[in-house]
Every structure is written in structure tokens, then in C-alpha cells.
Amino acid sequence: MSELPGDLLYTNDHEWLRRESDGSVTVGITDHAATALGDLVYVELPEVGQDVDAGGEMAVVESVKAASDVYAPVAGSVAAVNDDLSDDPEKINADPYGDGWIVRMTLADALDESELMTPDEYQQLLDELDD
Amino acid sequence: MGSKTPFYDKHVESGARIVDFGGWDMPLHYGSQKEEHHAVRQNAGVFDVSHMTIVDLAGERVRAFLQFLLANDVAKLKDYGKALYTSMLNEEGGVIDDLIVYFLGETAYRLVVNAATREKDLAWIRRQAEAFDVSVSERPELAMVAVQGPRARELAAPCIDAEFRDAALALKPFFGMEAGEWFIARTGYTGEDGWEIVMPAADAHGVWDRLVAAGVAPAGLGARDTLRLEAAMNLYGSDMDETISPLEAGLEWTVAWEPADRDFIGRSAIEALRNSPDRQRFVGLLLEDKGVLRNHQKVVVQGVGEGEITSGGFSPTIGRSIALARVPAGDYDRAQVEVRGKMLNVRIVKTPFVRNGQVRIDV
């Protein structure tokens, strides 16, 4: 398993979140999630402008094996979606923290980092899952 | 922890993701299900199928027994080694299991039945066998691999004892042969050429290593499922079960209606359905919209009725989603499938979707 990027925040559901300089956040799924799902073959993206609640279903990623919901880590609205994933969903497997990003969101409220996990906390969660 | 096949250590060595399958610890994939799928379509892959149940039958009346037990007719098996695919029905005409039967002599046949149905199959077969004085011997000590793909036989041939190699390479499709302690059959569950090879467990590790060294890709249950779906081969428990007639599961071709006086278990029940106008169709679906069809999704045929996907997934060879589905009687070739509240368009297509590396439907 590759090392977790240190500049991201994480969720229990294996999403990651990056704080962008304009105050928006970018969201994707972690390498752990992508590896567990296996080769991705389809991504269902939300509409730009759609409002989402924290923990609400925001996208669906489907691998050869199964479909899995992607939840919004925070409340906000969809500012952009990664349209490249429509033709090339495997970008999520290949580069989950980069080209495999899924949604960019503008936040409804100021980001409360205590609701999310630091890289160390998320690593601890992964270690527990391995046991 | 579940039961382990003789190849278990090899799976772990090859980095397999191990999952429970019918009580067995089996490899789901060894890194990429899609790459394993393509390896089988384009070159060769090896599957551990040792979890499947091998049952040897012997007795003077074994043929009469199988003609009663099975919906297909073993009288079709006239040549040594010939295999027959069939369903085994209950009195109500539901499918207890699907299986392959090999003709090994006038008084000896071999069955290969599913792993997940092992106990009920053995109990049923033993109960029915009593009246025919047929011995029923399970062979759990044997290991079994399926080597599949256009280059499978060529790459696997060096593993076979030189004494039997030419005869094995000369096997016609759907024939098997005994080769010392081994049994080699030109059968499979992928829609590709290849062999299924039964061997003593002691030979398992050596064979696996030689196959992998020869360039045969280890392939897991995940690829096995997408390959069999593309080949439109039924999966027991998904496409049919004890509540489903073979006639509504695309298995009528495995029911031998002639001779009309052959009384097999379930015959009278399925004969009632045979010419019924209400008989459900069992069809292949190609998804025309984006998305992935999955088991149990609802199929809606406008003005006709509703059905259900029995096996759905993504086809790595076609690059689109395909499915097998049980749908209402009627003459139509388009339908919709409900996926997360949306109605997606599907086209009914003639199966198989893929066979011998070639896409067989209009995409």
C-alpha cells in the first residue's frame, strides 16, 4: 500500500478531501478504497450545482465486481466534476489522489477539520482493518 | 477460515485476494480481475477449481440410474470419455444443480457438480441411487485446475506425462480421458478452448508452478464469473435454483425430450410448462446507456410486464455492461432496467456475447 498524502483529510468511508486555495475542496476515494473495489468500469457523477449534505450520496463508483457509493465528506454544492472519468474510470485506480479526483465542492459552512481524519488517524484505521 | 484446496499456498504466494466461496477460501483475483479476464481471452489462464465436487458412479445399472436422475439423456454418450452438460431436477421440475457427466465405461460415469450444492447433491444422488444399486463415491482427495484460453492446451501440454500427451492434445471438444492418475477433459466455463485437469493433490503445486512459469496467468473467481457471463453460461444460484424450471433458465437445450417414454425426475412437471404461452424467456441483455447491470435489478418491458436480471456485470471484452435475465413471455427486443431509480435502455441480444475471443453480438 502506497503512503498516504500528508496534505489531505480523510473519512471513515475512505474518501479524501483536499483544501484548494480558492476555499473549495476536491474529493476522491482513497487508494485503499480503489484497490478493494478493483478495476473501476463506471462512475456516476452528480450534476454541477447539486447541493449535498455531509455524509450524503454524491457519486457512485462501479468496479467489475460491485457498485459503491461515494459520500460527501462535508455539506456544500458540486462546483465541478471530473468528466474524464466517464471515458476512463480506471484513472481512479491509477491515480486516486490526482487524475482520479471525482468532485470539487464549494462548502456550505467553514470546514470543521475535527469532523475528518488526519493522515495519521486514517492510517491507524487502515492498520486496524488489516488486523 | 474455510476449507482450503491443494493450491491454497500458491494463491497466497501469487498475491491473491482470498474470499469465502461456499465454505472454501478461494482467490477472487491476483491483482486485476480485468487483466486475468483478458489473459484468458487472448492467451491462457489457470483457475483452481478443486472446490468443485467430483462424484464417481459405478454399477451394472448406472446408465439406467442416470437416465432417471438427469434431464439430459446419457444414452447420447456412446464414445469413451464423452461429456454431457445437464441439469438435475427435483420432482417439481426445479433445478437442484447443473453438472457435467463423463462416460468412462458401461458401468462407470464421473459427475462434476457445484461446490456450493455439494451436500444436498450428494444426499439426493445417494437417495436416488439406492433403487439402482449404484455406488456413489465422492473424490475429495483430488485437485482440479481449469486451463483456459486460445493457447491453454499448447502451454499446458508439457505438464502432462509424455505417455498421454498426444492423446490429450487429440481430445475433441467435450471429451475427457483418464491419464494414469490424472483425468484430462477438453471442457471449461469460459467460452475458450482449454482443459480441465483432475490430479492427485500431491501433484498440485508442481503443476501450478510449471503453468505459471510457462506464461499461464493465475485467474480468480472474479474473472471466472465475467468470462462465463460473456459466454452466457449459467451460474447455479443466480440464474437458476430449485424454484426455477430449466425451461425458464435457458437450459431447454440440456433437456432430452426424446425418447418420450424416458421417465426422468421432474419430467412431468416441466412438460406442463413446455408449450405454455406464459413461459418466461431467458435472454441476454446489452446495456445501451452508460452504467452497469447487476443481479436482481428489475427489467421493465413496456406494455408486457416485468422481469429480473439473474446475472449482470461489466463485459471486459465488449467494454459495455451485459446481463442474463428472466423476462415475461412475448415478442419484443427492447426493454429497460431500473438502476438506482433511473430507467436505462437495454437491447435483447442472442447469446453468447463472446466466444473464442470474438464478440458475437452487434454492439
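Chain letters run A, B, ... following the sequence lines, proteins first and then strands; every chain starts at 1.
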Give a yes or no on whether [X] atom [atom1] has more than 12 heavy-atom contacts from other residues, nucleotides or ligands under 6.0 Å away.
| X | atom1 | value |
| --- | --- | --- |
| B:Asp362 | CG | no |
| B:Glu308 | CD | yes |
| A:Gln124 | CD | no |

Mind checking the [atom1]-[atom2] spacing from [X] to [Y]? Nearest 0.5 Å is all I need.
| X | Y | atom1 | atom2 | result |
| --- | --- | --- | --- | --- |
| B:Arg294 | A:Lys65 | CZ | NZ | 10.0 Å |
| A:Asp39 | B:His37 | CG | NE2 | 11.0 Å |
| B:Lys290 | A:Asp87 | NZ | CG | 4.5 Å |

Item to check | Interface moiety of A:Val60 toward chain B, non-hydrogen atoms closer than 4.5 Å | outcome: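 Only the side chain of A:Val60 comes within 4.5 Å of chain B.
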Checklist entry - Relative to chain B, which segment of A:Ser86 carries a heavy atom at a distance below 4.5 Å: side chain, backbone, both, or neither? => result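 Its backbone and side chain both get close to chain B.
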Checklist entry - Does the side chain of B:His29 come within less than 4.5 Å of A:Val64's, by heavy atoms? => result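 Result no, sub-4.5 Å side-chain heavy-atom pair not found.
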Item to check | Contacting moiety of B:Ser32, where chain A heavy atoms sit under 4.5 Å | outcome: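 Both backbone and side chain.
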Item to check | Heavy-atom closest contact (B:Arg340 atom, A:Ala67 atom, distance) | outcome: NH1-CB, 4.0 Å
Checklist entry - Given the options B:Gly222, B:Gly291, B:Gly31, which has more heavy-atom pairs under 4.5 Å with chain A than any of the others? => result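 Highest number of pairs under 4.5 Å: B:Gly291.
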Next on the checklist: Taking the basic N atoms (NZ, or NE/NH1/NH2) and the acidic carboxylate oxygens, is any pair closer than 4.0 Å for B:Lys342 and A:Glu44?
Outcome noted: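 Between A:Glu44 and B:Lys342 there is a salt bridge, with a charged N closer than 4.0 Å to a carboxylate O.
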